[in-house]
Amino acid sequence: MIFKRVGVGRPYPDHGLSSRAWAELPPRQVRLDELVTTKDTLRLDTLLDEDSTFYGDLFAHVVQWRGELYLEDGLHRALRAALHQRSVLHARVHQVADQ
């Protein structure tokens with residue numbers, strides 16, 4: 001199994017982070033098998049595109065909430081890492097407080 005679980009949607013409250021706010025978070029390594037996805041579909045053309053991160057953040061976006069790590073953005077990066085036999089992904093992690 002690549003991920004801890006495949007989810008559909010974001011169960012956590014809206015964090016309201018802008019692209020700039022995400023960019024201020026330092027990237028760190030996250031194990032793929034600890035991630036819960038927020039998307040259950042994948043576009044193969046995006047996965048195979050060499051320039052898929054050209055306009056976006058180089059690092060995946062992960063939200064930590066209630067002890068779980070949710071892969072909010074970066075599913076294609078995570079799968080690419082898995083295809084290259086890597087067990088970790090560099091991601092920016094934002095912790096959302098339980099409301």
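Predicted model, so just to flag it, every value in this text is computed and none were measured.
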- [ ] Could you grab the distance from atom CZ of F59 to atom CZ of R28, nearest 0.5 Å is fine?
- [x] 13.5 Å

Open item on the list: Quick check: do H15 and E72 have side-chain heavy atoms less than 4.5 Å from each other?
Closed with: yes

Open item on the list: How close do R92 and W22 get, counting heavy atoms only, and between which atoms?
Closed with: CD-O, 2.9 Å

TODO: Could you tell me whether the side chain of V93 reaches within less than 4.5 Å of the side chain of Y70, counting heavy atoms only?
DONE: no

TODO: Enter the distance from R86:CZ to Q29:CD here, rounded to the nearest 0.5 Å.
DONE: 10.5 Å

Task: Linked, directly or transitively: L89 and V6 (ILVMFWY side chains, under 4.5 Å) - done: no

Open item on the list: Just verifying a value: how many Å separate L25 CG and L17 CG, rounded to the nearest 0.5 Å?
Closed with: 6.5 Å

Open item on the list: Quick check on side chain to side chain contact (heavy atoms under 4.5 Å, CB included): which of L71, V96, D73 does V63 satisfy it with?
Closed with: V96

TODO: Would you give the length of the straight line joining atom CG of L35 to atom NZ of K4, rounded to the nearest 0.5 angstrom?
DONE: 10.0 Å

TODO: Mind checking the CG-CG spacing from L32 to L69? Nearest 0.5 Å is all I need.
DONE: 11.5 Å

- [ ] Indicate yes or no: at least one non-hydrogen side-chain atom of R77 is less than 4.5 angstrom from one of H90.
- [x] no

- [ ] Over all heavy atoms of both residues, which pair between G74 and A60 is shortest? Give the atoms and the distance, please.
- [x] CA-CB, 4.0 Å

- [ ] Look up atom OG1 in T41 and atom CG in L75, then write down how far apart they are to the nearest 0.5 Å.
- [x] 8.0 Å

- [ ] Pick out which of D33, T37, L79, L83 makes a side chain to side chain contact (heavy atoms under 4.5 Å, CB included) with I2.
- [x] L79

TODO: Identify the heavy atoms of A81 and V88 that sit nearest to each other, and give their distance.
DONE: CB-O, 4.1 Å

